[in-house]
Every structure is written in C-alpha cells, then in structure tokens.
*Asks:* 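I have a structure I would like to understand better, so I am pasting it below and will then ask my questions one at a time.
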Amino acid sequence: MISRKRWEQGHSAGEMIRSALHWAKNPERKARLYRAALVRRVWDELPWLSQVLTELAERQADGEDVEAQLARPLEYLAEGVYLSATIPISHHGIHLFPNEYLDDYERYLIDAGYCKPPDANHAAAKLTPERLTAITWLAYNQHIEWCGPRDLSAGRGQDSIPILRDIFGNPFRPVTFSPAWRTDTALALARQMYESRDFGAMPILADALQDAGCDSDDIRSHCRGEVPHVRGCWVVDLVLGKG
C-alpha cells in the first residue's frame, strides 16, 4: 500500500490509483469515472463509437442499466481492440485497426437507435494508428478488462494525477461531511455541475458550503483551488451523497 508521503508527492498514477481504489467506498464507480475523465481529455480526437462507450460507462457508474446497449457484440469489439493493441503496428496491426469488429459494433448501436453524426470520425481519421489505438483503448477498457496496455492516460500519465486527486481526494485526510451543509443551494450547484460537466461554479459552491457552516479547510480549498474538476469530484460527490 502506498505511503502518505508517496501519495502526496504523486509520482506514480498507477500506484496511486491502486491504493485509492482500495480505500474507496465504491471503487467500481470511482474507477469508471476516473477512466471516463481521462477519455474526455482527448474527446475531440475520439471515434464516435468510443464517445458512445464512454457515455455508457458514465451512466453505468451512476447505476443505470446499460447492459442492453453493451450486450454481446462488445465481446467481439474487445477482441479486435486487444489484437490491435498487442500486434505490432508496423507488422499486421495497421490492417487490424480500425477493423470489422468496430464496424460491427457501430452497426449494432445504430440499429439500437443511436444516431451517428455525419462527421463523427473526422478527427480520428487524422490520427496515427498508434495514437488511435491508445486513446480508443481507454474507452473500451472501461467495460472489458484485458491484459493489454496500461497507459490509462494515452501517453500522458503524469498529467492524470490531478484528475485522480480530484476524484479520490486525499485518503490520508478523510473529511466528515455534515448533512447540515447539504443546503438547497449547495445541492443545486453540485447537481448542475455534475450534469453539465462544467465546474466553473466550484468557488460559488465553496461559499454556499461556508454559509451553511462548513468548517473544513480541505473542502473549501479544493473548491477554490486551480485544479481540474471532473464528474466524480470528491467534494461534489459529498454534497450529492454519492459514493
């Protein structure tokens, strides 16, 4: 298990996430939202299919039943991605990715009522096969675990640590949240940010919590600090009563 010093220094996202999931009350939800946040950092580069899978993962994290949209075709899709990620791109990999597995699952989603925009894969078409494999793996790996690539941030591992801290907080400094701080104003602000993924009102949330009697420096400083906030932010989760 990671030490407090190593956690606060934050040199290894992999080491931190393993420990964070051990301490989390709902590790599956937090893990899904962490991966989704990483995927959304490269959102404009993703194929449409990857975006749909990410949105399904977020809905699944919040307890929605999305199994009907995932279903059996995802197994074939995962197999195709696994092959593409493990066979050297310079050899046969470039011919395997994108491949018929992705096409099959796209058709499955379209048949299920999903509408694919005309220019959905325009940005992805500009990517190198290596980059496309890396960022697409992020979206697929939210649903299927394989012994494949471990770079959860698509080549930006160190940059993922601020997101990890936003979602998990500091397990060495647990915060007890008083129900009295969960006022109508605080709830409305937190719910609006969670649904819109626009966290610009975090400083206002800090003021609302302070007005409600919140005396936690960790909560207020997190809301007012210049850090990235994503769906799953530990303070917003506390306000909304999410695990």
*Asks:* Find the distance between CG (L109) and CG (L53) and round it off to the nearest 0.5 Å.
*Replies:* 6.5 Å
*Asks:* Of all residues at least two apart in sequence or in a different chain, which pass the side chain to side chain contact (heavy atoms under 4.5 Å, CB included) check with R18?
*Replies:* E15
*Asks:* Could you tell me whether R35 and E58 have a side-chain N and a carboxylate O separated by less than 4.0 Å?
*Replies:* no
*Asks:* Side chain of S19, backbone of I2: donor and acceptor closer than 3.5 Å?
*Replies:* yes
*Asks:* Would you find a donor on one side and an acceptor on the other, under 3.5 Å apart, between the side chain of Q51 and the backbone of W43?
*Replies:* yes
*Asks:* Say whether, by atom type as modelled, one donor and one acceptor occur between the side chain of R182 and the main chain of V239 under 3.5 angstrom.
*Replies:* yes
*Asks:* With sequence neighbours excluded, what pairs up with H222 under the ring pair (Phe, Tyr, Trp, His ring centres under 6.0 Å) test?
*Replies:* H229, W234
*Asks:* Rounded to the nearest 0.5 Å, how far apart are CG of L189 and SG of C223?
*Replies:* 10.0 Å
*Asks:* Considering only NZ, NE, NH1 and NH2 on the basic side and carboxylate oxygens on the acidic side, decide whether R220 and D207 come within less than 4.0 Å.
*Replies:* no
*Asks:* So does R231 pair up with D237, basic N to acidic O under 4.0 Å?
*Replies:* no
*Asks:* Give a yes or no answer on whether the side chain of K30 reaches the backbone of G232 with a donor-acceptor pair at less than 3.5 Å.
*Replies:* yes
*Asks:* Strictly below 4.0 Å, N to O, side chains only: are K242 and D62 in salt-bridge contact?
*Replies:* yes
*Asks:* For the CE atom of M16 and the CD1 atom of I161, what is their distance to the nearest 0.5 Å?
*Replies:* 5.5 Å
*Asks:* Atom CZ of residue position R4 - does it have more than 12 heavy atoms of other residues, nucleotides or ligands inside 6.0 Å?
*Replies:* yes
*Asks:* Just verifying a value: how many Å separate I219 CD1 and W181 CH2, rounded to the nearest 0.5 Å?
*Replies:* 5.0 Å
*Asks:* So, taking the atom named NZ in K5 and the one named CZ in F172, what distance separates them when rounded to the nearest 0.5 Å?
*Replies:* 13.0 Å
*Asks:* Would you give the length of the straight line joining atom CD of E28 to atom CG of L33, rounded to the nearest 0.5 angstrom?
*Replies:* 10.5 Å
*Asks:* S50 side chain to L46 main-chain N or O, any donor-acceptor pair under 3.5 Å?
*Replies:* no
*Asks:* Tell me the closest heavy-atom pair linking L164 and A13, and the distance in Å.
*Replies:* CD1-O, 3.7 Å
*Asks:* Is any side-chain heavy atom of N170 less than 4.5 Å from a side-chain heavy atom of D218?
*Replies:* no
*Asks:* Kindly list each side-chain donor-acceptor pair under 3.5 angstrom involving residues 114-127, sequence neighbours excluded, with atom names and distances?
*Replies:*
residue: K116; atom: NZ; partner: E106; partner atom: OE1; Å: 2.8
residue: K116; atom: NZ; partner: E106; partner atom: OE2; Å: 3.2
residue: N121; atom: OD1; partner: W48; partner atom: N; Å: 2.8

*Asks:* Take atom CZ of R197 as the centre, draw a 6.0 Å sphere, and report whether it contains more than 12 heavy atoms from other residues, nucleotides or ligands.
*Replies:* yes
